[in-house]
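Read the structure below first, then the notes.
The first residue of the sequence shown is numbered 1, and numbering continues consecutively from there. Because the structure is a prediction, the values reported are computed rather than measured.
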Amino acid sequence: MPSQTAAEQVLTNARIVLADEVVEGTVYLRDGKIAEIASGGSAVPGAEDMEGDYVLPGLIDLHTDHFEKHVLPRPGTRWNMLAAVMAHDAQMAAGGVTTTFDCVCVGVSIKHPERREIFRPMIDAVREAVAKDMLRADHIVHLRCEVTDEMVVDLFDAVADHAAVGMMSLMDHAPGHRQYPDVQRFRERTMKNLKLSEAEADAHIDRLLSTQEYLVPKNRIELAARGKQRGLAIASHDDETADHIVDAAALGITVTEFPTTLAAARAAHDSGMKIIMGAPNLVRGGSHSGNVSAAELAAAGLLDNLASDYVPASLLQAAFRLAAPEHGLSLPAAMATVSANPAETAGLGDRGRIASGLKADLLRVATVEGQPFVKTVWRDAKRVM
């Protein structure tokens with residue numbers, strides 16, 4: 001059994017969740033990385049007793065909209081950007097997330113016309129907070145590109161080379177397909193939520209529908225080409241049909257996030273695309289929009305990644321839910337959907353597993369009646385929570 005050195009941390013008496021098994025043993029951390037994993041306990045001075053709790057890889061969240069909720073806490077209210085990203089970061093870390101892809105909307109909707117003004121300051125705030133070492137998790141920007149916006153390509157070009165940017169997705173929220181296949185339902189929802197008249201709602205819908213022929217295909221082609229040139233992971237959002245997947249694959253897109261049907265997910269899997277589903281979908285037992293459930297995709301072997309989407313704590317809850325008898329995954333396989341698989345999907349080869357030489361991004365997690373809770377979070381072997 002190794003002896004502890006001055007620069008080494010030792011986490012012992014732990015249930016260590018590795019790629020394919022759970023080992024009762026000890027993890028040695030050195031210089032911010034995982035140095036060694038050993039079975040059995042350690043009695044070296046200074047070893048930290050995990051008291052039989054799980055030691056898990058830090059969670060990797062490829063899609064969270066949570067940052068914007070802190071920037072815009074109420075309609076018409078805008079919060080200080082730096083304070084907002086710190087508040088967002090605290091909740092992500094509390095949920096066990098050590099790498100988070102913060103979604104920033106590129107392009108506006110009728111609901112959020114202010115997004116054109118806030119997206120660059122949001123990205124700058126992430127970079128500033130990282131540079132000043134003010135954050136617990138590692139924050140990377142995910143650009144959500146709304147392809148129905150006439151300015152989306154120019155807006156993307158203005159920020160695509162920002163040091164904080166690491167992922168992008170192509171979104172089309174027009175009614176008639178994808179997230180909103182029922183135009184009449186979309187119309188009623190738009191009128192209710194945005195307090196629009198019938199004429200205003202119809203004008204909004206007509207504008208969105210008119211973009212499908214002249215604007216959306218052009219924007220998708222140009223944005224995908226720009227993302228590939230920069231080596232970004234690119235996702236297609238809310239794919240509904242096999243044709244959507246074929247179109248995305250032809251553009252070199254390698255990820256589908258939140259496919260709305262089983263058919264789209266099967267087509268994505270068959271084409272080699274990685275699939276992201278929402279962890280809240282799994283925790284709640286289904287999609288809040290009536291789309292295909294994450295559980296159904298898991299049962300079909302079509303679930304690669306889970307993302308927190310709009311609930312930071314949902315990732316850890318969903319992973320343990322997948323390992324429950326009703327879903328039947330092993331804990332290592334369930335944890336892979338929130339750690340190793342997202343790392344692979346985003347091209348982050350230095351994290352996502354408990355293995356020698358990787359970043360020491362780790363969690364100490366206990367369970368009470370099946371409910372997991374985070375006791376300790378380490379990032380680069382530094383205790384951040």
Begin from the C-alpha positions of Leu11 and Trp378 and carry the test side-chain contact (heavy atoms from CB on, under 4.5 Å) through to its verdict. CA-CA 11 Å; Leu11 312 178; Trp378 294 269; 3.8 Å; yes
How long is the gap from [atom1] on [X] to [atom2] on [Y], to the nearest 0.5 Å?
{"X": "His237", "Y": "Ser169", "atom1": "NE2", "atom2": "OG", "answer": "6.5 Å"}
{"X": "Leu232", "Y": "Lys228", "atom1": "CG", "atom2": "NZ", "answer": "12.5 Å"}
{"X": "His142", "Y": "Asp102", "atom1": "NE2", "atom2": "CG", "answer": "10.5 Å"}
{"X": "His269", "Y": "Leu303", "atom1": "NE2", "atom2": "CG", "answer": "11.5 Å"}
{"X": "Leu62", "Y": "Ile276", "atom1": "CG", "atom2": "CD1", "answer": "4.5 Å"}
{"X": "Leu223", "Y": "Leu170", "atom1": "CG", "atom2": "CG", "answer": "5.5 Å"}

For Arg144 and Asp65: C-alpha separation, side-chain torsions, deciding distance, then whether salt bridge (charged side-chain N to carboxylate O under 4.0 Å, His left out) applies. CA-CA 10 Å; Arg144 296 183 59 192; Asp65 298 328; 3.1 Å; yes
Would you indicate whether the side-chain heavy atoms of [Y] and [X] approach each other to under 4.5 Å?
{"X": "Thr64", "Y": "Asp309", "value": "no"}
{"X": "Glu68", "Y": "His88", "value": "no"}
{"X": "Pro332", "Y": "Asp20", "value": "no"}
{"X": "Leu282", "Y": "Met277", "value": "no"}
{"X": "His162", "Y": "Asp124", "value": "yes"}
{"X": "Leu59", "Y": "Leu316", "value": "yes"}
{"X": "Met92", "Y": "Ser308", "value": "yes"}
{"X": "Tyr28", "Y": "Gln9", "value": "no"}

Using every non-hydrogen atom in the two residues, find where [X] and [Y] come nearest and quote the distance to one decimal.
{"X": "Ala307", "Y": "His63", "value": "CB-O, 3.6 Å"}
{"X": "Val27", "Y": "Leu362", "value": "CG1-CD1, 4.5 Å"}
{"X": "Leu297", "Y": "Pro259", "value": "CD1-CG, 4.4 Å"}
{"X": "Ala294", "Y": "Asn281", "value": "N-OD1, 2.8 Å"}
{"X": "Pro312", "Y": "Val97", "value": "O-CG2, 4.5 Å"}
{"X": "Ile16", "Y": "Thr26", "value": "CD1-N, 3.4 Å"}

Are [X] and [Y] close enough for a salt bridge, meaning some N to O gap below 4.0 Å?
{"X": "Glu146", "Y": "Arg115", "result": "no"}
{"X": "Asp138", "Y": "Lys359", "result": "no"}
{"X": "Arg383", "Y": "Glu48", "result": "yes"}

Are [Y] and [X] connected in a single hydrophobic cluster, I mean Ile/Leu/Val/Met/Phe/Trp/Tyr linked by side-chain heavy atoms less than 4.5 Å apart?
{"X": "Val104", "Y": "Ile234", "answer": "yes"}
{"X": "Val255", "Y": "Ile140", "answer": "yes"}
{"X": "Phe101", "Y": "Phe156", "answer": "no"}
{"X": "Met122", "Y": "Val152", "answer": "yes"}
{"X": "Leu29", "Y": "Leu363", "answer": "no"}

Would the distance check show the side chain of [X] and the main-chain N or O of [Y] forming a donor-acceptor pair, the cut-off being under 3.5 Å?
{"X": "Asp361", "Y": "Asp380", "answer": "yes"}
{"X": "Asp172", "Y": "Thr148", "answer": "no"}
{"X": "Arg230", "Y": "Arg226", "answer": "yes"}
{"X": "Asp304", "Y": "Ile275", "answer": "yes"}
{"X": "Arg364", "Y": "Met50", "answer": "yes"}
{"X": "Thr12", "Y": "Ser42", "answer": "yes"}
{"X": "Arg30", "Y": "Glu8", "answer": "no"}
{"X": "His244", "Y": "Ala264", "answer": "no"}
{"X": "Thr345", "Y": "Asn341", "answer": "yes"}
{"X": "Asp239", "Y": "Ala265", "answer": "no"}

So, for Phe373 and Phe320, is the gap between ring centers shorter than 6.0 Å? no
Assert yes or no for the condition that the ring centre distance of His139 to Phe67 is strictly below 6.0 Å. no
Full working for side-chain contact (heavy atoms from CB on, under 4.5 Å) between Thr367 and Gln371: CA-CA 5 Å; Thr367 59; Gln371 177 68 38; over 6 Å; no
Inspect the surroundings of [atom1] in [X] and state if more than 12 heavy atoms from other residues, nucleotides or ligands are less than 6.0 Å away.
{"X": "Arg353", "atom1": "CZ", "value": "no"}
{"X": "Lys382", "atom1": "NZ", "value": "no"}
{"X": "Lys69", "atom1": "NZ", "value": "no"}

Test log, rule side-chain contact (heavy atoms from CB on, under 4.5 Å), inputs Phe119 and Val106: CA-CA 7 Å; Phe119 84 107; Val106 182; 4.3 Å; yes
Under a 3.5 Å threshold, yes or no: a donor from one side chain and an acceptor from the other, between Thr241 and Asp243? no
Residue pair Ser356 / Glu36, side-chain donor-acceptor N/O under 3.5 Å: no
Please step through side-chain contact (heavy atoms from CB on, under 4.5 Å) for the pair Leu348 and Thr99, ending with a clear verdict. CA-CA 10 Å; Leu348 301 175; Thr99 301; 4.1 Å; yes
